[in-house]
Amino acid sequence: MKFTKILIANRGEIALRIMRTAREMGIKTVAVYSDADRESLQVRYADEAVFIGPAPSAQSYLVIDKIIDAALKTGAQAIHPGYGFLSENASFARAVKTAGLVLIGPSPEAMDLMGNKLTAKAAAKEYNIPMVPGTDYAITDIKAAKKVAKEVGFPILIKAAAGGGGKGMRIVEEESQFEEMLNRAVGEAQSAFGDSAVFIERYVKSPRHIEVQVLGDQHGNIVYLFERECSVQRRHQKVVEEAPSSLLTPALRKEMGECAVRVAKACNYTGAGTVEFLMDDQLNFYFLEMNTRLQVEHPVTELITGVDLVKEQILVAEGKPLSFKQEDLKINGHAMEVRVYAEDPCNDFLPDIGKLVRYVRPQGPGVRVDDGFEEGMVIPIYYDPMIAKLITWGENREQSIQRMIRAIDEYIIVGCETTLPFGKFVMQHEAFMSGNFDTHFVKHFFTPDKLTATINHEEAEAAAVVAYFLQHEGNNSTQVAVDATNKRMGSAWRLNR
Ligand code: MV4
């Protein structure tokens, strides 16, 4: 089957990202939009756009029937769900199929299997995948569970089978806390996920988060497109991602890649997926979970492999076999991604939504910006506050970092605080530059004063400009001073230098 029109069931940067590839492939695009996205770029870029309801996503982007109706009404043959929203919803995948449409993504069965950590572990176990010692079944008997906990050793981590992205996890430092923590975790899992099943794992103390990109077709071929490292996170939100990981050797990379392919085989995976691993300080790696969607950070993989992952997703959904083999894939250089959020890094990363009074993207060699905004637009309060993904490519890690710093310095965002200065802090940190960091990086190294120092310095500089002009009185001196100050203060360059 060849698609001539697809619907993109998403918004913002990822909707645009998908449409760009569709257009290159000669495929017409249908956008959907809520009240909050009437003026959005996804609506402007698409060939057609369908209104799907009020701003809250529960009344628009998450309503399965509205999405499917929009596809049927416009004659789209397939739906790309992007990430978030309905992208990992097996009921949605089934409804798409029932409507005679194609989901550009994996089967509902694969989503169900990998959506639950315990069924995912059970499937992976048959394929000889390393896993953190613990239980691969839901705990029902506290006594028996305590015995396992003692065997694997404290501290241990209680996880909810239906949880994900760190939700529903609890560290238990010692045996005496075990029973109380377990009961609490069970209650929380029930109220948060409607599923009380929990299991335990040994707590890996200073892990690195390494994930492998896989791609499968409908003919049983599965390849890995190497790894991304996403160890710089705060509260389970990734802030910096890179590919490849600075930690892996070629041998480890091959071993993890082949492991990821076996996990994908365990659920007959089709399309683009990501297998998450933890790596401990001895370079042991353990399977955590599989994400059955295109990920936010997919561009770093695209930049080091030269593969357009969205194009491959579409081709695979059309039923085409993969056009390349594992041996054809090579890593070329290094890519870095900084997520630019409308959040104030000096104020506990609280959302700082506003109007993009000035918005100028960085350009030049090795710079890619995936965003969904233009100058003058207002960031809606209803959705994720990510403004953009700033991605750089370099011949090596050092060059990708230097380019990232240069691009951050060029980026002008006025109207809200952003995580750009934080991104620069990470890029310039000795631990990050040397590759000697783990998932505790932000907690260990970051305090807001690391940024205010540079900001105050620049404000002082701008004040000095005013003082200079005021001292050199001429006819026009005050206006010149104000203009000069505006030029400096109105520029994000001030914040980032
Ligand atoms: C762990 C762990 C340590 N030991 N499992 C957090 C998100 C979820 N995908 C799994 N997570 C973790 N699981 C064991 N047995 C530490 C984390 C973890 C983490 C993992 C990846 C990236 C950032 C993290 C931050 C805190 C905890």
Side-chain angles (χ1 to χ4, degrees), residues 83-84 88 114-121 124-125 129-137 139 145 148-173 178 181-182 185 188-189 192-193 197-213 227-243 245-248 256 260 263 273-293 295-297 300 337 339 349 426 431-432 437-446:
Y83 54 71
E88 295 180 281
M114 291 298 151
N116 180 293
K117 291 192 179 37
L118 281 173
T119 53
K121 278 190 141 184
K125 197 180 173 183
I129 310 294
M131 278 180 272
V132 189
T135 66
D136 49 14
Y137 47 84
I139 292 168
V148 178
K150 270 159 76 175
E151 278 163 20
V152 306
F154 286 88
I156 63 139
L157 199 55
I158 306 173
K159 296 185 176 183
K167 269 182 266 165
M169 296 194 334
R170 258 171 195 282
I171 303 173
V172 187
E173 298 288 347
F178 184 74
M181 291 289 231
L182 189 72
E188 263 177 26
F193 312 111
V198 301
F199 60 100
I200 60 175
E201 284 180 354
R202 192 178 76 218
Y203 179 60
V204 181
K205 276 205 183 91
S206 299
R208 295 177 63 140
H209 173 125
I210 296 177
E211 56 184 38
V212 178
Q213 177 71 54
E227 79 283 359
R228 297 182 286 263
E229 171 149 13
C230 320
S231 293
V232 182
Q233 310 197 355
R234 52 169 299 282
R235 296 202 207 115
H236 303 295
Q237 174 166 280
K238 294 166 185 168
V239 253
V240 175
E241 300 108 336
E242 63 181 306
S245 165
S246 58
L247 190 63
L248 296 197
M256 287 180 87
V263 172
T274 298
V275 182
E276 278 187 24
F277 297 95
L278 279 186
M279 184 166 270
D280 68 18
D281 50 12
Q282 306 296 303
L283 300 186
N284 299 304
F285 64 87
Y286 310 98
F287 167 62
L288 269 191
E289 54 192 87
M290 180 170 190
N291 300 319
T292 56
R293 60 169 188 274
Q295 302 224 151
V296 175
E297 59 272 26
V300 291
E337 173 173 288
R339 296 196 193 182
F349 292 85
V426 176
F432 185 77
F437 61 99
D438 59 42
T439 48
H440 303 299
F441 177 90
V442 181
K443 194 171 65 197
H444 281 168
F445 299 120
F446 180 69

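Note: hydrogens, waters and symmetry copies are ignored here, and every other heavy atom, side chains too, is used. One-based numbering, in listed order, for ligands and for the atoms of each.
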Please determine whether a side-chain nitrogen of the Lys or Arg among R228 and E241 lies less than 4.0 Å from a carboxylate oxygen of the Asp or Glu. no
Item checked: Aromatic plane relationship, F437 with F432 - under 30° parallel, 30 to 60° tilted, over 60° perpendicular -> tilted
Using a cut-off of under 3.5 Å, which N/O atoms of ligand 1 pair up with protein N/O atoms, and what distance separates each pair?
| unit_1 | atom_1 | unit_2 | atom_2 | d |
| --- | --- | --- | --- | --- |
| ligand 1 | 4 (N) | V204 | N | 2.9 |
| ligand 1 | 5 (N) | K159 | NZ | 2.9 |
| ligand 1 | 9 (N) | E276 | OE1 | 3.4 |
| ligand 1 | 9 (N) | E289 | OE1 | 3.0 |
| ligand 1 | 13 (N) | K159 | NZ | 3.2 |
| ligand 1 | 15 (N) | E201 | OE1 | 2.8 |
| ligand 1 | 15 (N) | R202 | O | 2.8 |

Those residues at least two apart in sequence (or on a different chain) that pass salt bridge (charged side-chain N to carboxylate O under 4.0 Å, His left out) with E297 are K238, R339
The side-chain contact (heavy atoms from CB on, under 4.5 Å) partners of A149 (sequence neighbours excluded) come to F154, I156, F178, I200
For S246, the side chain to side chain donor-acceptor pair (under 3.5 Å) test, sequence neighbours excluded, returns R208
Could you go step by step and tell me if D280 and Y286 meet the side-chain hydrogen bond (donor to acceptor under 3.5 Å, both in side chains) rule?
CA-CA 9 Å; D280 68 18; Y286 310 98; 3.0 Å; yes
